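Everything numeric in this text was worked out from a predicted model, so none of it was measured.
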Amino acid sequence: MSAVGLTPVVVRLKLSLLRNGLRQSAGRRAAYVTSVVVVLLIAALQLLGLIALRGNAHAATVAVLLVEVLALGWAVMPLFFPSGDETLDPTRLVMLPLRPQPLVRALLAASLVGIGPLFTLCLFTGAVVSVAHGAAAYGVGVLAVVLALLVCVALARAVAAANIRLLTSRKGRDLAVLSGLVIAVGAQLVNFGAQRLGSAGLSPLDPVENVLRWVPPASSIGAVDSVSRGAYGLAVAQLALSAAALAGLLALWSRSLTTLMTSPDESTLQTAAPSARERTSTGLSRLLPAGRTGTVMERSLRYIWRDPKTKAAWVTSLAIGLIVPVFNALQGTGSIYFACFAAGMLGIQMYNQFGQDTSAFWMVAMTISSRRDAYAELRGRALALLLITLPYATLVTVVTTALLGAWPKLPEVLGLSFALLGAMLATGAWSSARFPYSIPQEGYKNVVPGQAGLAWISVFGGMIAAALLTAPVIAAAIWLNVSSDGDGWTWLLLPGGVLYGALITLLGLRLAAPRTAGRLPEILTAVSKG
């Protein structure tokens with residue numbers, strides 16, 4: 001089939017996939033329409049804001065940086081959301097008699113259909129309007145918008161094609177689930193940068209813009225600014241850079257398609273040496289206590305390392321628990337008490353312990369026949385969490401203390417962190433037995449439909465209860481800091497917090513054990529719905 005005939009077929013295929021997906025349910029149609037309206041509204045506001053920058057001394061800086069950030073987003077989104085577009089997977093076309101180059105042109109045209117390209121087009125248009133002055137600049141701006149958009153789309157496709165084997169494997173699904181971590185870290189970085197720029201203005205970004213205006217696809221927007229200033233030679237060079245980048249990305253994409261369509265994958269190859277793939281023991285069991293406690297700890301630690309959803313939750317909590325206190329300390333607006341955020345974020349992992357097992361919980365339920373078995377199960381899970389949380393919370397507190405130079409407060413804050421952690425372990429154990437809910441294994445949802453209320457009660461209700469349980473230690477800290485002669489005794493909060501956290505944890509496990517043993521059928525039903 002020729003490229004001319006193939007392109008409309010692939011575009012119609014893209015439209016059919018979109019139309020058939022919307023026909024599945026009214027809820028899906030409503031969600032799609034809502035997302036379209038929201039995206040178009042944001043794009044319109046961004047477009048108006050960029051147009052308002054016309055004549056501003058830093059208009060080119062904003063436009064160039066915006067284009068480069070959008071290009072970065074196009075590059076990384078296929079890695080985190082490979083299932084967002086069915087046509088991103090070229091392996092589905094392997095059995096068809098298609099040549100790579102016509103297929104590249106057809107898929108490139110199909111890629112321009114969707115909300116993402118429309119949003120990008122609006123922002124690129126606003127970027128051109130903000131820097132264009134004169135008819136020649138607007139003429140170049142039309143070419144610049146087309147080039148920049150095609151570079152972004154080709155970049156996304158080239159990245160997806162080069163990594164499609166990874167993205168469709170288990171490791172690729174792990175990477176997609178971990179996108180929450182990147183979003184969380186990126187949000188904090190953007191917040192930190194915005195606060196810095198709010199006090200210093202856009203002038204510090206001018207040197208960055210002078211470099212990025214030569215990096216495609218931002219170089220095409222830089223060409224519009226160059227024409228506006230009369231630098232036609234620079235404009236030609238910048239446009240040539242974007243055109244060369246587009247040609248290079250299309251060539252890379254075509255090469256990746258050729259490799260995908262002509263080389264076998266692991267599913268078609270015989271395993272040469274099965275014995276070489278056998279796993280060896282890591283020796284983890286030798287470092288843990290004997291009996292059921294050690295077995296439960298090992299199982300929990302292996303879930304953290306191997307299960308994508310559990311791993312994502314832990315890595316995100318570890319990152320945010322460090323970012324919030326450290327970034328606030330670096331900005332000079334933080335408090336030493338923000339270090340307790342680390343213990344709070346990791347304490348959340350104790351909630352819905354059985355839901356993390358999903359349908360595999362039935363194997364655990366078969367081993368619980370008494371309150372004693374339930375207590376040993378809960379104790380092992382709590383100890384596995386403490387194995388990570390205690391040193392991590394201590395590390396975050398020490399780092400935050402060092403950044404703020406508040407060393408006299410270190411024992412006090414550590415005591416508060418350990419007391420909070422103990423309260424969250426206690427309420428998490430009870431909440432896991434009383435309000436279990438299922439976590440779907442596929443996709444990006446953390447709660448199956450119909451159990452959102454249970455999740456809210458379990459997590460947020462448990463957190464409120466943990467805050468109330470920590471109130472005695474908090475009250476003691478306030479009294480010692482307010483009292484005229486209490487400063488010399490704040491160090492007592494460290495052993496006091498450790499003791500209080502340990503006692504409240506044991507009490508919570510004791511109270512949760514009989515409820516766990518008595519509600520095994522209900523728990524198994526609730527966590528198996530995903």
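When atom types are taken as modelled, the side chain of K311 and the backbone of I304 share no donor-acceptor pair closer than 3.5 angstrom. Counting only distance, with no hydrogens or angles, the side chain of R157 and the backbone of L108 share no donor-acceptor pair below 3.5 Å. The main-chain N or O of A132 is never found under 3.5 Å from a side-chain atom of D225 such that the two would form a donor-acceptor pair. Using modelled atom types, no side-chain atom of K14 and backbone atom of S111 make a donor-acceptor pair closer than 3.5 Å. Distance alone, capped at 3.5 Å, is enough to place a donor-acceptor pair between the S228 side chain and the V224 backbone. Formation of a donor-acceptor pair under 3.5 Å by the S432 side chain with backbone atoms of M350 is found in this model. Not a single donor-acceptor pair under 3.5 Å links the side chain of S242 to the backbone N or O of L239. A donor-acceptor contact shorter than 3.5 Å links the side chain of Y351 to the backbone of G462. Although no hydrogens or angles enter the test, the distance criterion places a donor-acceptor pair under 3.5 Å between the side chain of T389 and the main chain of L385. Distance alone, capped at 3.5 Å, places no donor-acceptor pair between the S219 side chain and the W214 backbone.
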Take L53 and N56, measure what side chain to side chain contact (heavy atoms under 4.5 Å, CB included) needs, and give me the verdict at the end. CA-CA 5 Å; L53 282 175; N56 188 283; 4.2 Å; yes
Run the side chain to side chain contact (heavy atoms under 4.5 Å, CB included) test on V159 and W74 for me, step by step, so that the C-alpha distance in whole Å, both residues' side-chain angles and the decisive distance to 0.1 Å come before the verdict. CA-CA 9 Å; V159 170; W74 275 91; over 6 Å; no
F119 vs L123, side chain to side chain contact (heavy atoms under 4.5 Å, CB included): CA-CA, chis, key distance, verdict: CA-CA 6 Å; F119 177 81; L123 265 62; 3.8 Å; yes
Under the side chain to side chain contact (heavy atoms under 4.5 Å, CB included) criterion, do V527 and Y437 qualify, and how do the steps go? CA-CA 5 Å; V527 303; Y437 57 91; over 6 Å; no
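Within the 4.5 Å cutoff, the side chain of L107 has heavy atoms near those of the V10 side chain. Residues L66 and L50 are in side-chain contact: their nearest non-hydrogen atoms beyond the backbone lie under 4.5 Å apart. The closest side-chain heavy-atom distance from Y232 to V227 is below 4.5 Å. When side chains are defined from C-beta on, I388 counts as touching W314, because their heavy atoms get closer than 4.5 Å. The shortest side-chain heavy-atom distance between L301 and W305 does not fall under the 4.5 Å cut-off.
Crowding of R299 atom CZ: a count of heavy atoms from other residues, nucleotides or ligands under 6.0 Å exceeding 12.
Side chains of S317 and Q349: a donor-acceptor N/O pair is present below 3.5 angstrom, by distance only.
With sequence neighbours excluded, the residues satisfying salt bridge (Lys or Arg N to Asp or Glu O under 4.0 Å) with E209 are R213. Every residue two or more places apart in sequence or in another chain that forms a ring pair (Phe, Tyr, Trp, His ring centres under 6.0 Å) with W456 is listed here: F460.
Rounding to the nearest 0.5 Å gives a distance of 13.5 Å between NE2 of H58 and OG of S130. To the nearest 0.5 Å, the span separating OG1 on T125 from CG on L149 amounts to 9.0 Å. Interatomic distance, CG of N328 versus CZ of F341, reported as 9.5 Å (0.5 Å rounding). We find the CD1-CG distance between I323 and L318 to be 10.5 Å, quoted to the nearest 0.5 Å.
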Can you give each donor-acceptor pair under 3.5 Å made by side-chain atoms of residues 37-44, sequence neighbours left out, with the distance rounded to 0.1 Å?
none

